[in-house]
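Throughout, protein chains are lettered first and strands after them, A, B, ... in sequence-line order, and every chain is numbered starting at 1. Remember, predicted model here, so these are calculated numbers, not experimental data.
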Amino acid sequence: MLSSGSQRSSEIWADLSLLQQKLSKKVKIEPLSREVRLIGGCDCGIRKDKGIGVITVVELPGLREIEWSYWVGTIALPYRSGYLGFREVPLLVGAYRKLKNRPDLFLIDGQGIAHPRRIGLASHFGVVIDQPTIGCAKSKLIGDYREPPSTRGSYAPLLDGSELLGYVVRTKDNVRCLFASPGHRTDFPDALFWILHLTTGYRVPQPIRFAHHHAKEIQV
DNA sequence: GCGACAG
DNA sequence: ATCTTGTCGC
Ligand SMILES: [Mg+2]
């Protein structure tokens with residue numbers, strides 16, 4: 001029973017899983033078409049049932065922040081691995097609509113297609129706004145890989161059997177790897193390239209760091 | 001039954 | 001994600 005009033009908890013997740021299967025069919029993995037000058041960094045802060053979604057816009061070259069927006073909303077679902085998009089996408093869409101600038105690419109704190117149904121947060125958000133996105137997660141959701149050397153720039157493919165999902169990337173010497181995967185309207189080389197080019201001195205890419213900082217301070 | 005499990 | 005101070009190492 002898709003879309004109804006009250007329903008059993010088990011049915012809710014089953015319905016959301018079906019919805020993800022539909023959404024995943026809209027995901028396009030293709031080379032970034034635009035020239036990238038403005039990049040949007042996305043992250044959310046959540047406490048209890050109140051959440052805030054933040055998007056910062058950084059300019060290239062320089063990675064200087066030129067704008068940022070946020071959106072506050074109520075979180076209806078509890079966290080469950082594989083369903084993060086349903087909690088954070090609404091908040092990010094709200095912030096997206098308040099932006100004055102239009103980023104050429106969005107970097108999101110979460111997986112792209114490296115997801116059980118190939119529709120992680122970055123892909124989900126990308127399909128909803130139909131804009132280029134790349135997923136940049138701090139830990140793994142699914143897939144197998146061999147640990148890359150400890151030097152910045154090292155990487156290894158993230159695989160589900162023989163299917164490539166993304167890359168496990170060392171963005172800084174002697175720190176845990178990041179998990180990069182294309183979200184929507186970007187491809188694997190794009191994910192690897194941008195994750196490394198937007199990382200300077202810190203493990204997490206600057207755009208996402210800025211968004212994270214804003215979400216944390218506003219939430220007070 | 002056991003282990004994995006984005007944020 | 002959030003709860004939380006100082007401390008060890010690059
Ligand atoms: Mg986050």
Side-chain angles (χ1 to χ4, degrees), chain A residues 13 16-17 19-20 23-24 27 41-55 70-95 106-128 133-145 147 149-154 158-161 165-184 186 191 195 199-205 207-220:
Chain A
W13 300 112
L16 293 180
S17 182
L19 179 50
Q20 289 183 319
L23 286 170
S24 68
V27 175
C42 315
D43 194 20
C44 299
I46 298 174
R47 273 179 178 168
K48 293 295 180 61
D49 64 335
K50 296 300 177 185
I52 170 174
V54 174
I55 297 183
Y70 70 90
W71 184 261
V72 177
T74 298
I75 304 298
L77 298 166
Y79 170 76
R80 184 166 175 178
S81 178
Y83 300 82
L84 180 64
F86 296 108
R87 282 163 64 87
E88 303 196 348
V89 165
L91 300 174
L92 295 178
V93 169
F106 290 84
L107 217 54
I108 291 86
D109 180 34
Q111 312 288 350
I113 61 171
H115 176 281
R117 292 168 289 285
R118 310 298 185 258
I119 186 79
L121 175 60
S123 296
H124 190 155
F125 180 54
V127 165
V128 171
T133 63
I134 286 175
C136 175
K138 298 182 292 300
S139 61
K140 189 190 79 172
L141 208 205
I142 62 165
D144 299 295
Y145 66 95
E147 192 71 21
S150 62
T151 56
R152 167 179 162 75
S154 302
L158 176 64
L159 306 164
D160 182 359
L165 297 179
Y167 295 103
V168 183
V169 189
R170 194 80 67 184
T171 54
K172 179 184 179 183
D173 288 354
N174 306 320
V175 299
R176 284 173 296 153
C177 285
L178 243 38
F179 297 76
S181 59
H184 181 55
T186 58
I195 224 66
T199 301
T200 58
Y202 298 91
R203 181 170 85 116
V204 176
I208 291 180
R209 287 190 69 236
F210 293 156
H212 191 281
H213 288 161
H214 288 309
K216 203 167 187 178
E217 61 183 40
I218 291 182
Q219 235 183 81
V220 178

Applying a 4.0 Å non-hydrogen cut-off, can you work out what A:L121 is touching in the nucleic acid: base, sugar-phosphate, or nothing?
base
According to a 3.5 Å limit on both distances, what stems of 3 or more consecutive Watson-Crick or G-U pairs are formed with DNA chain C?
none
Does A:I119 offer a backbone N or O that forms a donor-acceptor pair with the side chain of A:S24 under 3.5 Å?
no
In whole Å, I'd like the distance from the NZ atom of A:K138 to the C1' atom of C:dT2.
13 Å
Going 5' to 3' along nucleotides 4-10 of chain C, which nucleotides have protein heavy atoms under 4.0 Å from the base (write B), which only from the sugar-phosphate (write S), and which from neither (write -)?
------S
Do the side chain of A:R170 and the main chain of A:G153 share a donor and acceptor less than 3.5 angstrom apart?
no
Taking the side chain from A:Q111 and the backbone from A:R118, do they hold a donor-acceptor pair closer than 3.5 Å?
no
Side-chain donor or acceptor of A:D173 paired with backbone N/O of A:R152 under 3.5 Å
yes
Return yes if some donor-acceptor pair links the side-chain N/O of A:T186 with the main-chain N/O of A:T133 below 3.5 Å, else return no.
yes
Could you tell me whether A:K48 contacts a base, only the sugar-phosphate backbone, or nothing, with contacts defined as non-hydrogen atoms closer than 4.0 Å?
nothing
Interface limits on DNA chain B, where chain A has a heavy atom under 4.0 Å of a nucleotide atom:
B:dC5 to B:dG7
Keeping the roles fixed (side chain from A:Q20, backbone from A:G82), state whether a donor-acceptor pair exists under 3.5 Å.
yes
Near DNA chain B, which residues from residues 111-120 of chain A have a heavy atom under 4.0 Å away?
A:Q111, A:H115, A:G120
What does A:G82 touch in the nucleic acid at a heavy-atom separation under 4.0 angstrom: a base, only the sugar-phosphate, or nothing?
base
Does A:R87 use its side chain to pair, donor to acceptor, with the backbone of A:I75 at less than 3.5 Å?
no
Indicate, with a heavy-atom threshold strictly under 4.0 Å, whether A:Y83 touches base, sugar-phosphate, or nothing.
base
Would you kindly give the CG-to-P distance between A:L92 and C:dA1, to the nearest whole Å?
13 Å
All heavy atoms of A:A191 vs all of A:I134, minimum pair found to be CA-CD1, 3.8 Å
Without swapping roles, check the side chain of A:T199 against the backbone of A:I195 for a donor-acceptor pair under 3.5 Å.
yes
Return the value, rounded to whole Å, for the distance between atom CG of A:L84 and atom P of C:dA1.
10 Å
Going by the rule ring-ring contact (aromatic ring centres under 6.0 Å, His included), which residues pair with A:F210 if we only count those two or more places apart in sequence or in a different chain?
none
Between the side chain of A:T171 and the main-chain N/O of A:R203, is any donor-acceptor distance below 3.5 Å?
yes
Whole Å only: how far is the CG atom of A:L77 from the C1' atom of C:dA1?
15 Å
Students often get this wrong, so: under 4.0 angstrom with heavy atoms, is A:H124 touching a base, only sugar-phosphate, or nothing?
nothing
Could you tell me whether A:F125 and A:H184 have their ring centroids closer than 6.0 angstrom?
no
Using a 4.0 Å heavy-atom cut-off, does A:R80 contact any base of the nucleic acid, only the sugar-phosphate backbone, or nothing at all?
nothing
Which residues satisfy the ring-ring contact (aromatic ring centres under 6.0 Å, His included) test with A:Y83, sequence neighbours excluded?
A:W13
Considering all heavy atoms, the nearest A:S123-A:G112 contact
OG-C, 3.1 Å
